Protein chains: 2
Amino acid sequence: MSTIRDVAKLANVSVATVSRVINANGYVNENTKQKVEEAIKQLNYRPNDVARSLFNGRSKMIALFVPDIQNPFFPELARAVEDMANSRGYTFILCNTDNNNQKEIDYLQALLQKSIDGFIFVSSTIKAEQIENINVPIVAMDRKISPELVSVTVDNRDGARQAVEYLQSIGCKRIGHICGPENVSSSRNRLQGYLDVVKKEDWLTSDFVQVGDHSIQGGLVAAMELLQKNPDIDGIFAANDLMAVGVLKAAEQLGIRVPEQLSVIGFDNTEPGKVTTPQLTTINQPIYDIGKRAAELLIQQIETPDSGIESVIYNVELIVRGSTKPLQS
Amino acid sequence: MSTIRDVAKLANVSVATVSRVINANGYVNENTKQKVEEAIKQLNYRPNDVARSLFNGRSKMIALFVPDIQNPFFPELARAVEDMANSRGYTFILCNTDNNNQKEIDYLQALLQKSIDGFIFVSSTIKAEQIENINVPIVAMDRKISPELVSVTVDNRDGARQAVEYLQSIGCKRIGHICGPENVSSSRNRLQGYLDVVKKEDWLTSDFVQVGDHSIQGGLVAAMELLQKNPDIDGIFAANDLMAVGVLKAAEQLGIRVPEQLSVIGFDNTEPGKVTTPQLTTINQPIYDIGKRAAELLIQQIETPDSGIESVIYNVELIVRGSTKPLQS
DNA sequence: TTGTAAGCGTTATCAG
DNA sequence: CTGATAACGCTTACAA
């Protein structure tokens, strides 16, 4: 690896001049510029980013924290962040936190020591005070962390309402809900949306809501509970697609036909819901856009501090597929 | 952020002494050590990794190149690499290459400028000569790049044989194969395994092999072709689970019952094959172990060059589920 | 328009 | 056992 000094020597100029041409800043005579560029080419010189980072305290790296990339919701999000990071010249670092606060703190610390330029968090475990005196920009994605922190989310409550209203519109009379963990803001909002629609129904009891953990297995267990306690349920809204797939499995095990006897609806519009039989009716989130936007906002904050960034809330929409069907009456 | 100089000042010692304490190397009096540690705690000092990297030319970062993290095969692999990297104190960088050689080269260049310590490649597009004078360790994973390069793979040919022999054992008489792209070493080996078993069958023609692109859609299209050209096919071995899911979809569209009329078998044992109806019979790869081992070998090469690393080949095993069933006769 | 030199925060060498 | 000090490779005053 050749250094700026090698280039300077070969071009018969000082390192300052080389630096000027590399960064296209400051005056430099067209002729010497040619000489320098020639030398750079000859030596196949590339500036050492570590030295640059040391000097200016910036690394051109951003990190994304997600609970677990093995959850099919996250790869597309990660992909979007990476693509945007890339196109703006940033290196992308992926951190799986397993919803473990200690891991988050450890990652945070380690990356700060590397002069990371910013963070995007998908987290329900980090506390606002743990990041309040971090002096690099942070954006919350998918889940809010605190009202003050810039975030990119969707209108979860409205999505849930759309889902439950749709179930009603096709004739469902008893609608259960499998919600996500209580500490996840999006789960709370989806539960809220469910309640908005059914709270005045006389059949509603706490037995119609079960908590799942966003996994297929969790959805299966919750659905079993739900269906056994309330045999008259004819519609289930699960807070994400994975749990909805679990509902499908539970129904299969119990010999309940979907959608003839039970309509099922998920949330997210991720891949698993497209390979089941029947395919899942769900609420679509613009996942790629969310990731892209979050990265964009982060980079804007990095490059233009105090440029007044606003949080973003995307709309969601119902996608009807085979797991829901108007009931015969 | 305080520096080593602040610590030195507060503890009334030189920066050299502080450095010795931090790195636990060289002699330092127990008493002064206490003083220094005290000062470190008081200032909440953390060494600047960028400065360290500049000095010793190492960054404690490793990168993983995969075609696309949205393919469900890769998240588990990535997870394994990250976990191992973490446990050894390395930062993990994920790069999606889209099988695009230019992207690979660009990433390579960019990361080398950041003093990256090593690479793990899942690639069928990079050429051996493009990496031959990279002076950091490289490990190939899942796919071989060149015979000389250390790799961690599975016995694809044997896995394919197991799959096809199993189909024969349950009575399949005409077995088609959907293979992956020809430039992918694992695809070639799986095709080879398929041929090992059926090459002497008199019914075998080139119509029994279709090329897919490892996606559901690609599998669907290939299966359509296969089933229309050879209506008597009663078994299909797809080179990965995603394409096998496509086969299931094709069968559904054509009104062919699986497994009664057609047995289907995939490869990888990934999540999508577990949510279909029927669930997919497949060949299990120890995905997490592969990733973990590759990372381990890479780090070993980084920390102990010339320690004589050998390539690793894992065994695979058949997992029987609902998409295959002994034929009535 | 160009060059000199200080400094970014560490580590390691070499005296003491 | 401890302290100066010269690197690591780059950028940016400041001078010329």
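Remember, it's a predicted structure, so these values are computed and weren't measured experimentally. A, B, ... follow the sequence lines: proteins, then strands. Residue 1 opens every chain.
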Heavy atoms only, 4.0 Å cut-off, all strands: where does [X] land among base, sugar-phosphate and nothing?
X     : value
A:D49 : nothing
A:N23 : sugar-phosphate
A:T3  : sugar-phosphate
A:N56 : nothing

What are the two closest heavy atoms between A:A39 and A:A11, and how far apart are they? CB-CB, 3.9 Å

Hey, does B:N48 have a side-chain heavy atom less than 4.5 Å from the side chain of B:M1? no

Determine whether more than 12 heavy atoms belonging to other residues, nucleotides or ligands lie under 6.0 Å from atom NZ of B:K292. no

Looking at B:K33, I'd like to know if its NZ atom is crowded, meaning that more than 12 non-hydrogen atoms belonging to other residues, nucleotides or ligands lie closer than 6.0 Å. no

Earliest and latest nucleotide of DNA chain C, 5' to 3', sitting under 4.0 Å from a non-hydrogen atom of chain B? C:dG9 to C:dT13

Please list, chain by chain and in numerical order, all residues satisfying salt bridge (charged side-chain N to carboxylate O under 4.0 Å, His left out) with [X], sequence neighbours excluded.
X      : result
B:D268 : B:R190
B:K103 : B:D98
B:R88  : B:E303
A:E76  : none

Protein N or O to nucleotides 1-5 of chain D N or O, pairs below 3.5 Å:
{"residue": "D:dT2", "atom": "OP1", "partner": "B:T32", "partner atom": "OG1", "Å": "3.1"}
{"residue": "D:dT2", "atom": "OP2", "partner": "B:N29", "partner atom": "N", "Å": "2.7"}
{"residue": "D:dT2", "atom": "OP2", "partner": "B:T32", "partner atom": "OG1", "Å": "3.1"}
{"residue": "D:dG3", "atom": "OP2", "partner": "B:S14", "partner atom": "N", "Å": "3.0"}
{"residue": "D:dG3", "atom": "OP2", "partner": "B:S14", "partner atom": "OG", "Å": "3.4"}
{"residue": "D:dG3", "atom": "OP2", "partner": "B:T17", "partner atom": "OG1", "Å": "2.7"}
{"residue": "D:dG3", "atom": "N7", "partner": "B:R20", "partner atom": "NH2", "Å": "3.3"}
{"residue": "D:dG3", "atom": "O6", "partner": "B:R20", "partner atom": "NH2", "Å": "2.5"}

Output all residues satisfying side-chain hydrogen bond (donor to acceptor under 3.5 Å, both in side chains) with [X], sequence neighbours left out; order by chain, then residue number.
X      : result
A:D68  : B:R79
A:Q102 : A:D106
B:E129 : none
B:K127 : none

D:dT12 C1' sits how many Å from A:I4 CD1, rounded? 11 Å

Roughly, in whole Å, what's the span from CZ in B:R52 to C1' in D:dG9? 19 Å

Okay, side chain of A:T3, backbone of A:R5: is any donor-acceptor separation there less than 3.5 Å? yes

Counting Watson-Crick and G-U wobble pairs whose two distances are both under 3.5 Å, find the runs of 3 or more in a row that involve DNA chain D. C:1-16 with D:1-16

Heavy atoms within less than 4.0 Å of DNA chain C: which residues of residues 36-48 of chain B have one? Give them sorted by number. B:Y45, B:R46, B:P47, B:N48

